[in-house]
Amino acid sequence: MLAERYFPEDPNTALIKLRQLGERLAKQVASRFGAFTSAQETQLALIRRLEVDGLIEREVAALFHDLRTTGNDATHGLYGDHASALSTLKIAWQLGVWFHRTFSDPEFRSGPFRPPQPPADESEELRAELAALQSALDAFRAKGGAVAEQLSATEAQLQQALDEQQQWEQLAEAAEADKVALSAQLQALQNAAAKQPAAVSAGLLQAAKKAAGSIELDEASTRQLIDEQLRQAGWEADTQNLRHGKGARPKKNRNLAIAEWPTSSGPADYVLFVGLTPVAAVEAKRANTDVAGKVPQAERYCRDFQPSAEMELRINGWGPEGEYSIPFAFSSNGRPFLNQLRTKSGIWFRDLRRSENLAGPLERWYSPEGLKALSRQDVDQAHQQLRRESFSFGFPLRPYQRRAIEATEAAIAAGQREIMLAMATGTGKTKTCVALIYRLLKTGRFRRVLFLVDRSELGTQAADAFKETRMESLQSFADIYGIKELGEREVETDTRVHIATVQAMVQRLLLGSEEAKPTVDTYDLIVVDECHRGYLLDRELSDRELRFRDFNDYVSKYRRVIEMFDAVKIGLTATPALHTVNIFGQPVFVYSYREAVVDGFLVDHEPPIRINTELSSEGIGWAAGEEVKIYDPSTTLIEKFTTPDELRFEVEAFNRKVITESFNKVVCEALADELDPFSPYKTLIFCASDTHADLVVMLLKEAFQERYDSVANDAVAKITGASDKPKELIRRYKNEAFPNVAVTVDLLSTGVDVPAICNIVFLRRMNSRILYDQIIGRATRLCEAIDKTHFRIFDAVRIYEALENFTDMKPVVVNPNITFTQLIQELQTTEGEESELVRQQLIAKLRRKQQRLSENHAAQFRLLTGEEPADFISRLQQLPIQEARRWLGTIHGLAEVLDQQWDGPARCLSALLSARGA
């Protein structure tokens with residue numbers, strides 16, 4: 001190879017040639033996968049795109065990056081000695097072997113690396129390494145019999161691979177003279193790849209993945225990779241020159257990674273110094289070594305460290321008994337972290353200050369500033385302060401919100417790193433989160449928080465909550481702690497909370513420049529709002545969002561973002577599913593829709609009103625008129641949490657059928673009989689597509705016109721991503737009388753708080769149970785301004801039936817027509833779980849009744865019970881069930897009074913809609 005030819009006399013040029021080889025190999029890979037775009041695409045952008053698109057594995061991308069960075073240093077900084085050139089040659093050799101195994105021969109066996117011709121003035125270290133490489137090659141050649149025959153075949157294969165590399169090196173030189181010809185050749189490969197069957201492409205991907213798993217680097221090449229990783233994190237690192245044996249020592253105002261530092265039990269591969277203070281010891285091993293098992297060796301270095309005179313050490317040492325001179329231990333083999341090779345990849349790290357701290361893998365290295373800040377943090381003291389800290393804020397916390405915070409803090413204190421809170425939509429997750437984060441920052445448990453959302457609207461709402469929520473002394477959260485909002489990328493020293501979208505962080509971490517990448521210690525707490533993200537299965541992402549190939553691709557990149565940082569992760573959701581449990585674990589706290597309705601913090605809904613048409617009867621095999629099932633206590637919440645989000649119902653073909661005028665005309669006429677566009681009770685209609693939404697808007701306006709003679713044009717409005725100024729439309733829908741009816745696809749499916757919504761209309765089916773729950777959650781909020789007592793669901797596509805066994809969003813009062821007399825009688829005659837369910841129905845029905853009390857009936861109720869209605873309900877809820885029965889039995893005539901038709905405000909909702917046919 002050309003690089004080998006230059007090696008003896010010009011290692012700088014050898015590195016430049018290796019960089020050119022890497023550039024051409026990357027373009028060749030892209031072309032063969034049908035992903036080549038342009039010869040002008042930078043090598044950095046191309047490598048990242050190939051990795052993000054799943055065409056090359058991360059360890060292969062790391063090899064490409066090493067050729068790129070060392071070649072750039074050689075080109076721009078005249079960098080390059082024989083040691084670094086030799087390590088880079090070995091890396092290029094492994095990359096060439098990977099390429100040959102991927103595109104030519106998956107079973108190719110390469111044999112040992114062939115060392116290049118030694119330089120005339122080789123150093124003792126280089127002479128020893130070249131001799132060892134030659135010895136390995138000679139030993140391999142010396143094997144006789146069948147092995148010798150195999151060697152001959154292997155050498156022939158190796159020569160073929162080397163010929164391919166040489167061909168592309170020659171092309172690299174030719175490219176300088178004729179880039180057009182090279183581009184045409186790559187385009188030809190691209191065209192051929194585009195025509196190959198999907199099975200062939202899948203086979204190449206599998207071969208590339210398998211070949212990546214076979215990459216083997218020796219310790220010298222591994223050290224070169226680790227050097228570069230350390231430099232990216234802000235350390236000065238150069239294994240060949242920055243060594244204790246060559247006189248390297250810590251210096252003030254410099255952050256040095258000094259190699260081969262002596263300890264009483266052998267030299268440490270690296271010791272990391274912040275100024276004159278040693279902060280970490282590193283054990284570095286070759287790439288195929290079990291890196292997790294080497295952490296104890298790094299711990300030994302931390303214990304047996306031998307300081308020099310100029311150092312600044314902690315007087316009492318580190319650890320429970322002060323036995324460590326250095327607080328942090330690392331082990332690495334240079335390989336990017338892969339969960340499927342958990343113990344053999346990544347950078348393993350252990351904080352030695354507490355015996356309870358376990359070792360775990362990191363994506364990247366800590367920065368000097370990060371280790372310095374971590375060394376100042378006292379976790380035990382923070383937890384002691386948390387236990388003493390009051391819950392007195394400038395806003396009242398509800399009892400369940402306090403329980404959620406206490407459960408989260410207990411999980412953190414127990415060492416849990418992934419935590420999930422499940423709280424029903426409308427129960428104040430964001431307020432709970434603001435209070436939790438405030439306590440964790442105030443006590444010093446965490447330094448900086450990444451508040452992650454999946455769409456900009458949620459980020460804006462979160463920022464408003466931090467700016468408006470009064471915490472102490474009339475100061476808002478944002479007054480006390482620095483906040484960075486959406487679009488602000490630079491995280492400053494005083495930034496305590498950074499709000500960002502998943503899409504922006506994917507762009508920054510996976511596709512951005514190295515300089516823009518945050519370090520692994522940038523955030524030590526990540527809070528993910530609406531962490532379910534399952535509705536990607538059914539929603540159309542806007543052009544503002546980064547495109548993902550599919551749901552699994554989203555989850556993969558989403559996990560990459562939150563696992564990039566050495567941080568505790570807290571996921572907030574109303575709808576846990578299998579993929580969220582896989583990331584955050586089982587919820588440490590659950591507050592369900594049913595609990596919230598019984599407690600009076602959300603409103604109940606009536607059994608669905610079915611709009612029967614011929615189309616709505618297709619595709620789902622449930623009997624017409626089937627009753628909605630009652631709550632089944634044997635079906636636990638945990639079962640819902642471990643159910644996949646995607647349910648295999650036929651959806652796409654059906655949703656195409658709903659865009660017909662005859663079907664939608666019947667539905668809109670039925671809705672016009674039930675909905676009052678002049679009332680304060682809002683309606684939200686979900687359609688299959690933007691075109692469908694346009695059709696429904698037109699037909700519903702016509703139906704209202706016929707029903708009410710005259711209706712304002714803006715009483716009904718389409719609010720989708722394609723609407724003109726959708727944010728303005730959402731604001732008007734929330735705050736003004738019109739539009740009264742919003743017709744959408746998925747823009748309003750989550751994160752939009754409009755308490756006046758009293759009607760949800762389904763004109764589409766969906767596979768995502770999370771999306772379904774989120775849609776229903778739009779109507780669950782209380783709204784005292786309109787005396788809202790419950791909400792209705794209109795179902796024209798029978799989605800309620802299809803998903804009722806996969807959701808907990810079921811009515812508490814199953815039969816709205818059941819009387820108080822019946823419920824009180826059932827409470828006296830039932831036992832166990834059934835008795836508790838009856839009590840919950842009685843309480844939910846009482847809360848609805850309470851909303852409609854006139855002054856006369858309120859006085860009558862107080863006279864009969866001796867209590868205000870709210871106090872009566874609270875006592876009924878808190879008493880043990882046996883005492884509740886006895887107490888109700890002493891209030892004679894209660895059921896009869898409650899069953900009276902009380903005069904109060906006009907009913908906000910009508911009775912069930914009579915079935916209509918189409």
Are the side chain of [X] and the backbone N or O of [Y] linked by a donor-acceptor pair below 3.5 Å?
X      : Y      : result
Asp454 : Val502 : no
Lys682 : Val741 : no
Arg781 : Val754 : no
Asp795 : Tyr800 : yes
Thr460 : Ser456 : yes
Gln822 : Thr819 : yes
Asp773 : Thr575 : no
Ser723 : Pro726 : no
Thr427 : Ala424 : yes
Ser874 : Ala870 : no

Query raised in the report: Would Phe820 and Lys849 satisfy side-chain contact (heavy atoms from CB on, under 4.5 Å), going step by step from the backbone distance to the final call?
Result: CA-CA 10 Å; Phe820 284 99; Lys849 194 81 170 179; 4.1 Å; yes
For a 4.5 angstrom cut-off between non-hydrogen side-chain atoms, does [X] reach [Y]?
X      : Y      : result
Val761 : Leu763 : yes
Ile499 : Lys484 : no
Val743 : Leu684 : no
Glu736 : Arg731 : yes
Ile685 : Thr744 : no
Arg769 : Thr807 : no
Leu675 : Phe794 : yes
Val745 : His692 : no

Describe, in one word, how the ring planes of Tyr438 and Phe393 are oriented to each other, choosing from parallel (under 30°), tilted (30 to 60°) and perpendicular (over 60°). perpendicular
Quiz prompt | Plane angle bin for Tyr593 and Phe791 - parallel if under 30°, tilted between 30 and 60°, otherwise perpendicular | solution =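 Phe791 and Tyr593: perpendicular rings.
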Answer yes when [X] and [Y] have at least one side-chain N-carboxylate O distance shorter than 4.0 Å, and no when they do not.
X      : Y      : result
Lys429 : Asp529 : no
Glu801 : Arg798 : yes
Glu606 : Arg848 : yes
Lys788 : Glu784 : no
Arg707 : Glu669 : no
Glu867 : Arg875 : yes
Asp604 : Lys845 : no
Arg470 : Asp479 : yes
Asp753 : Arg778 : no
Glu868 : Arg862 : yes
Lys718 : Asp694 : yes

- Show the numbers, then the answer: is there a side-chain contact (heavy atoms from CB on, under 4.5 Å) between Ile757 and Ile760? CA-CA 8 Å; Ile757 295 174; Ile760 297 290; 4.0 Å; yes
Counting neighbours of [atom1] on [X] that are heavy atoms of other residues, nucleotides or ligands and sit closer than 6.0 Å, is the number greater than 12?
X      : atom1 : result
Lys665 : NZ    : no
Asn735 : CG    : yes
Glu836 : CD    : yes

Candidate pair Glu530 and Leu572, rule side-chain contact (heavy atoms from CB on, under 4.5 Å), full reasoning: CA-CA 6 Å; Glu530 306 289 358; Leu572 305 174; over 6 Å; no
* Taking the six-membered ring of Tyr591, is NZ or CZ of Arg398 closer than 6.0 Å to its centre and within 45° of its axis? -> no
Does the cation-pi check pass for Lys431 over Phe395, that is, NZ or CZ under 6.0 Å from the six-membered ring centre and within 45° of its axis?
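Yes, a cation-pi geometry.
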Proximity of [X] and [Y] rings by center, below 6.0 Å:
X      : Y      : result
Tyr733 : Phe738 : no
Phe601 : Tyr400 : yes
Phe678 : Tyr708 : yes

Steps toward salt bridge (charged side-chain N to carboxylate O under 4.0 Å, His left out) verdict (Glu406, Arg402): CA-CA 6 Å; Glu406 290 171 337; Arg402 176 167 176 166; 3.1 Å; yes
Q. Can you name the residues that form a ring-ring contact (aromatic ring centres under 6.0 Å, His included) with Phe872, not counting sequence neighbours?
A.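 If we apply the ring-ring contact (aromatic ring centres under 6.0 Å, His included) test to Phe872, skipping adjacent residues, the hits are Phe861, Trp887.
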The reported gap from CG in Leu421 to CZ in Phe584 (rounded to nearest 0.5 angstrom) is 10.5 Å
dist Thr432:OG1 -> Phe589:CZ (nearest 0.5 Å) comes out at 8.0 Å
Q) Looking just at side-chain N and O atoms, do Glu595 and Ser592 make a donor-acceptor pair shorter than 3.5 Å? A) yes
Practice item. Output, in order, the C-alpha distance, side-chain angles, deciding distance and verdict of ring pair (Phe, Tyr, Trp, His ring centres under 6.0 Å) for Phe451 and Phe466. Key: CA-CA 11 Å; Phe451 193 92; Phe466 282 112; 5.6 Å; yes
Q: I would like to know whether Leu782 and Leu602 meet side-chain contact (heavy atoms from CB on, under 4.5 Å); could you show each step before the answer?
A: CA-CA 6 Å; Leu782 301 171; Leu602 295 179; 5.7 Å; no
